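In this text, all values refer to a predicted model and were calculated from it rather than measured experimentally.
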There are 4 protein chains.
Amino acid sequence: MTAFDAITDQLAQQVIEVPSWAYGNSGTRFRVFGSPGTPRTVFEKLADAAQVNAYTGLAPKVALHYPWDKVDDWKALSDYAAEVGVELGTVNSNTFQDEDYKFGSLAHHDPAVRQKAIDHHLECLEIMDIIGSTDLKIWLADGTNYPGQGDIRRRQDWLADSLAKIYASLGADQRLVLEYKFFEPAFYHTDVPDWGTSFAHVSALGEKAFVCLDTGHHAPGTNIEFIVAQLLRLGKLGSFDFNSRFYADDDLIVGAADPFQLFRIMYEVRRGGGFEPDSGVAFMLDQCHNVEDKIPGQIRSVLNVQEMTARALLVDTVELEAAQTAGDVLGASAIFMDAFYTDVRGDLARWRESRGLPADPMKAFRESGYLAKIAEERVGGTQAGWGA
Amino acid sequence: MTAFDAITDQLAQQVIEVPSWAYGNSGTRFRVFGSPGTPRTVFEKLADAAQVNAYTGLAPKVALHYPWDKVDDWKALSDYAAEVGVELGTVNSNTFQDEDYKFGSLAHHDPAVRQKAIDHHLECLEIMDIIGSTDLKIWLADGTNYPGQGDIRRRQDWLADSLAKIYASLGADQRLVLEYKFFEPAFYHTDVPDWGTSFAHVSALGEKAFVCLDTGHHAPGTNIEFIVAQLLRLGKLGSFDFNSRFYADDDLIVGAADPFQLFRIMYEVRRGGGFEPDSGVAFMLDQCHNVEDKIPGQIRSVLNVQEMTARALLVDTVELEAAQTAGDVLGASAIFMDAFYTDVRGDLARWRESRGLPADPMKAFRESGYLAKIAEERVGGTQAGWGA
Amino acid sequence: MTAFDAITDQLAQQVIEVPSWAYGNSGTRFRVFGSPGTPRTVFEKLADAAQVNAYTGLAPKVALHYPWDKVDDWKALSDYAAEVGVELGTVNSNTFQDEDYKFGSLAHHDPAVRQKAIDHHLECLEIMDIIGSTDLKIWLADGTNYPGQGDIRRRQDWLADSLAKIYASLGADQRLVLEYKFFEPAFYHTDVPDWGTSFAHVSALGEKAFVCLDTGHHAPGTNIEFIVAQLLRLGKLGSFDFNSRFYADDDLIVGAADPFQLFRIMYEVRRGGGFEPDSGVAFMLDQCHNVEDKIPGQIRSVLNVQEMTARALLVDTVELEAAQTAGDVLGASAIFMDAFYTDVRGDLARWRESRGLPADPMKAFRESGYLAKIAEERVGGTQAGWGA
Amino acid sequence: MTAFDAITDQLAQQVIEVPSWAYGNSGTRFRVFGSPGTPRTVFEKLADAAQVNAYTGLAPKVALHYPWDKVDDWKALSDYAAEVGVELGTVNSNTFQDEDYKFGSLAHHDPAVRQKAIDHHLECLEIMDIIGSTDLKIWLADGTNYPGQGDIRRRQDWLADSLAKIYASLGADQRLVLEYKFFEPAFYHTDVPDWGTSFAHVSALGEKAFVCLDTGHHAPGTNIEFIVAQLLRLGKLGSFDFNSRFYADDDLIVGAADPFQLFRIMYEVRRGGGFEPDSGVAFMLDQCHNVEDKIPGQIRSVLNVQEMTARALLVDTVELEAAQTAGDVLGASAIFMDAFYTDVRGDLARWRESRGLPADPMKAFRESGYLAKIAEERVGGTQAGWGA
């Protein structure tokens, strides 16, 4: 059995959740460029997401954003998902686009606004009940732009209080996952800026509350794999939002900016048991395909995660531990790098084929004509947009 | 004569250019919040800008953004400006919002797009002729999001060629000012990322080409005042875009994030002769008032520049040089900090009053009722937006 | 009563702890420059530290570093401190200079090295018993330089185990304070890189364990005052190591690089009750005077902390809260900035004089001739060095 | 002919210059750990450096640091180099360890210190004449720690004047290469902080002056390969100092922290003609092996450069240009990434063997027993230290 053969069982279990919003248009504050065939409805988003899974076998779940993906009949949406071959996953709340949220939501100084934001989350929980989703993910845009604008301390207390009210409504199988973000859209302080803050809150809430780690939400130079290792150790890593960045929260294709970082992250996931079936870690993408085609952008992304997972699984941990324990810096580094530099693409292609999947999903999708088809079919209507 | 009295002549010459776009709505990619009374036309923007000058005496010029501020009759716009007490200043080109510019403009791989972008700048020059503006400011959104997406080297050559064609059309009194920006909206590389690149291009162009330094467009930790000193020394500092930031290009009120940095910048301006009448340095604001009121946000901004200019002018350079030459680190630092810590606000208020201006421009404007008036008057129509 | 009069009671309670190592030579990896009069013994360090207190009334405590400050007779050292007018404060352990610690100490892969490092801390506790010190501060240089070199996860477990053993030996009135640091001397990962990690460990240890926040130990752009607010809220802020930085861990004079940041930090200290007598927060300096004179460098530092504390105490919190609650961004900012821009130096000078202290401690010390005296007296012997 | 075969001619021409100081002990300001067998003399350094070349065929040149590598008889040193199979390369001046240089060297406020620093460089030129070295590399530690401490502007003028005096003494075949560095050992400003400053100076000097790009000397997030492309375009890239970093100037093994970045850099070198024989670009290492063995650390480093060069040479530029011109973002990215992900190690091993070199230089060196031999032989004497 080759080293690769030894890891295929683990690879076969990999599930990556794709975000419904990745299929809509996105951009920067300067400009959102549109593209032909962009979905006008959440149904069309699901149809596109299903393509990713069809070509890779990696992405059977689709995360929703509420109210972006609001429909009248949630059951019908769930049924449609099943029909196109996916299921609905994490529900992401959205408390940053209503006028009331200009100065915050769960940490707003006005109790009425906080209650409105709490109610929004309770509504999400109800939707989750209908569609069979277990995870409520909370990312807050709350924060301030100028020193003195808000009371940092009091906002923490308000936030804790709001979260407690939401937590109290969680169903038996539901989880609350709290995302942190360094900055943006707030420019002086954000109310959940780092993993420590999210950890402090979810620890106070209880065992159904976890941290979401978005790989793009850290200060320059932050060792993200350390945080992965730490959260797994503390039993509080709820989910990943994968993407990559050179500068701020660029939301580029995961692995595009620093493939070696993705490798190190996946290694710590493995090391901390995050790939175990009962780990409870959800692996999601959170990206914006501003200039590239969206569906192949998503296919590329899940393949990147798969390829780096394979490399991380190939690390010879027995030899590595021996070198580490011997204080052999260059030897340990060599074992670690050997896995990273191993070109797993050929093995993955063959294994994919053996499972009835295309050897080259990017090529197969490109040749399928799907993009041309939707460009022709989806004329008229309003294209869905990220952030809109 | 007090130390403050000794600097009022220099303060009296201070001119800060306010940007027309600061009066429209702005925000982040997540959300643009609107506010009552936001201008619907460039005429209303000028009316608002005129308020800033009326209360501070500091802002007699308004920079335009083309085509955001496009009008049929430029002469009429110029006349209107004079009517409300301001004049039109720098013209900022915009080659980042047309569909054609998705992959760049002056550095685009397609010669047709490059020509379109060149033509846009030639159009700007014609407008400048009509409105009597001397400065064409070029900020490029050109760049790529992924390694390999574009040819960095070739794009530099294309850019140089495009700039040369624009430069060749400059009138005798016209200047080309090239802004640089670290990142955003492009996330892997930008075609003019740093002062060195802008300097290399404007040096190649000739004596009518200069660098624009936007204080928010640098990597974390960059010593901006060093660049100010260097560009003044090289005779290539054309203009400032003032704003402040904690993280990326936050476009906050100048001086809000790091007042001491603004002081150091103004000191190097003084040290390098940038306040001299013939220095050719234009002092502009480039900010986004996402959550605060726009007109008072601008008033606050020009006052911040004035206050830090006053402090910078108060540095006792004779004593400072003596301490520096003596290798007296703490002594030199103390002289420098003494000026920064001097509270000039009282002196400035009294001096302002002596010139027929309100002692407290923020208070005077607030009490004027102008915001309520425009909120009432400007109903209907489409509010102007930054980036739209 | 003026606004300043209203805060003098609080100012009178301020205690800043100066570090013994600040009086020795320090530098970078490139070069340590010496200076005449540098202490050769810890007694001479205490004599120098006593000068800081004599001229400012702010620094009655001196933090030690063990084994740099090792003496045979700790009681004698303590007596000498009393004699020169100071007392001994926090004891800082040092597990980074022995050959055995090349690959770590409390988180080392070798149990024998871990035990040696634990024993070192137990020794510190014994010394604390003798000299009456309550705080054991642990800063770890532990970490790795290359991915794969060490097992991040296992090292956390080892660290937790080591800390638990030390914690178990704490006396009834003793505290363990765990410092975190982003990077250096390790360049890939450090075992306590951020406040979250320190918080997770001290929370697991118990109520006598706290976090130490060194203001220079964060990634670029980190909002430090947020961490201050959060740790105070969580009841886990044990102490500060004050210094300032433009880039990495520069260890410059506190307030020198970004005075406004220091103001914001002191404001959150006030806001979170950190100045209250029972807060348990220790305020220490941790700086390196590489190119400036050490004693006046320390005087300048404690004055900077005092001046920013005064400004922070001057914030009108009633008005501030009103503006915050009204969503008045510019109004709240103005109230906050007004305190920062208030020049408190004159009031502080007068108040100092009223308490029998020199109005200008820097000038008074300079004129005292102390530096010349020690330069003459302290000839021969080996000058003490930071990091040696 | 395989794709790899097509690039071996270019690979065969690769020359990497290793630094003499990499074989001495190095560390951080906290501690320099020693290791058995460390050279005591520059001759022993050359012997060690020769090992790197013997096992890789990549490193026939050794860069010197003066006065660290000072000898009485330079001719003898040069002869010894030839004897062990290497030649002497770039001479690095050192004006940061003498007491006189505490406040700078070529940019010092005291003309006497400036002259001393100039003379030091003239001395380097004389040594270069003897040993046949063509490149004088200048890295300045000049700068200040506190705002106001020095006059940034005047120091630029002094620097320009000092450089001009050195430049005037260059022999016909000699070059001056000016390195820039963001920060350290100075913490507020450095006198040559960025490529723009270095470029401005060397442009003013003339055609024998060039920029040295040290990959560790940039602000976080800087796109280094852009600078490579730009300097090659401007004809001013004189040399590289290779190393890698996660945070500041960590001086880790090149390619260790971000292999993809090294790939991108090597690609721009190729793209800009930097591998052409007449390019004039010198490829040097500048690293500190603080915790790993030095000789194998250097072998690993030159192999990393070779492996990434091979990958960069494998990029299919014809297809890449086609995809770029078509605006095919994902297609262009895929072509670029394909080369990066190609595992060239097997091909390189086979090619190495075909040239009489060991397939696995790391293993071959380890098994040679050289480290044990020098550990035994080199007892007594003072070990050479980086920075000492």
Side-chain angles (χ1 to χ4, degrees), chain A residues 102-103 109-110 144-154 156-157 160 182-183 188-191 193-200 203 218-223 225-227 229-230 232-234 260 263-264 267-268 271-272 315 320-321 323-325 327 329-330 332-337 340, chain C residues 102-103 109-110 144-154 156-157 160 182-183 188-191 193-200 203 218-223 225-227 229-230 232-234 260 263-264 267-268 271-272 315 320-321 323-325 327 329-330 332-337 340:
Chain A
K102 184 173 182 177
F103 297 120
H109 57 263
D110 182 342
T144 60
N145 276 5
Y146 293 99
Q149 177 189 333
D151 187 313
I152 289 176
R153 166 61 184 271
R154 202 172 282 126
Q156 282 298 306
D157 296 335
F182 185 46
F183 85 100
Y188 164 57
H189 104 279
T190 61
D191 290 298
D194 50 27
W195 79 265
T197 294
S198 181
F199 171 69
S203 296
H218 303 85
T222 302
N223 184 324
E225 59 268 27
F226 177 90
I227 301 174
Q230 185 68 276
L232 282 167
R233 177 179 171 269
L234 296 167
F260 183 43
F263 169 76
R264 300 192 310 262
Y267 176 76
E268 292 302 333
R271 177 63 188 84
V315 173
L320 182 62
E321 186 178 342
Q324 290 170 340
T325 306
V329 177
L330 291 169
S333 168
I335 293 161
F336 197 71
M337 298 310 292
F340 174 65
Chain C
K102 184 171 181 178
F103 296 121
H109 57 264
D110 182 342
T144 59
N145 276 6
Y146 293 98
Q149 177 189 332
D151 187 313
I152 289 176
R153 166 60 183 273
R154 202 171 283 128
Q156 282 299 306
D157 296 336
F182 186 43
F183 86 99
Y188 163 57
H189 104 279
T190 60
D191 291 297
D194 51 26
W195 80 264
T197 295
S198 182
F199 171 70
S203 296
H218 303 85
T222 302
N223 184 324
E225 59 268 26
F226 177 89
I227 301 175
Q230 186 68 276
L232 282 168
R233 176 179 173 269
L234 296 166
F260 183 43
F263 169 77
R264 301 193 309 264
Y267 177 75
E268 292 302 334
R271 177 62 190 84
V315 172
L320 182 62
E321 187 178 343
Q324 289 169 340
T325 307
V329 178
L330 291 169
S333 168
I335 293 161
F336 197 70
M337 297 310 292
F340 174 66

Answer key: most heavy-atom pairs under 4.5 Å with chain A among C:Phe183, C:Phe226, C:Phe199 is C:Phe226

Tell me, out of C:Gly272, C:Ser333, C:Pro193, who's got the most heavy-atom pairs with chain A below 4.5 Å.
-> C:Pro193

Listed by chain and number, what are the ring-ring contact (aromatic ring centres under 6.0 Å, His included) partners of C:Phe336, not counting sequence neighbours?
-> C:Phe263, C:Tyr267

When A:Ala323, A:Ala160, A:Gly327 are compared by non-hydrogen pairs under 4.5 Å with chain C, the top option = A:Gly327

Any idea which of A:Ala229, A:Ser198, A:Ala334, A:Pro220 has the most non-hydrogen atom pairs under 4.5 angstrom with chain C?
-> A:Pro220

Residues at least two apart in sequence or cross-chain that pass ring-ring contact (aromatic ring centres under 6.0 Å, His included) with A:Phe182, listed by chain then number, are B:Tyr247

Option in C:Thr325, C:Asn145, C:Leu320, C:Asp151 with maximal non-hydrogen atom pairs under 4.5 Å from chain A = C:Asp151

Side chain, backbone, both or neither: which part of C:Gln156 has a heavy atom under 4.5 Å from chain A?
-> both

Tell me, side chain or backbone of C:Arg233 under 4.5 Å from chain A's heavy atoms, or both, or neither?
-> both

Option in C:Asp191, C:Val329, C:Leu330, C:Thr144 with maximal non-hydrogen atom pairs under 4.5 Å from chain A = C:Val329

Under 4.5 Å between any side-chain heavy atoms of A:Ile227 and A:His218, yes or no?
-> yes

Heaviest contributor of heavy-atom pairs below 4.5 Å to chain A, chosen from C:Thr222, C:Leu234, C:Asp194, is C:Asp194

Residue selection (most heavy-atom pairs with chain C, distance under 4.5 Å) from A:Gln230, A:Arg153, A:Glu268 | A:Arg153

Mark yes or no for whether A:Gln324, through its side chain, and C:Gly148, through its backbone, hold a donor-acceptor pair below 3.5 Å.
-> yes

Do C:Phe260 and C:Met337 come close enough that some side-chain heavy atom pair is under 4.5 Å?
-> yes

Chain C shares the most heavy-atom pairs under 4.5 Å, among A:Phe103, A:Tyr146, A:Tyr188, with A:Tyr188

Roughly how far, to the nearest 0.5 Å, is NE2 of C:His109 from CZ of C:Arg154?
-> 11.0 Å

Among C:Leu232, C:Ile152, C:Thr190, residue most engaged with chain A (heavy-atom pairs, under 4.5 Å) | C:Ile152

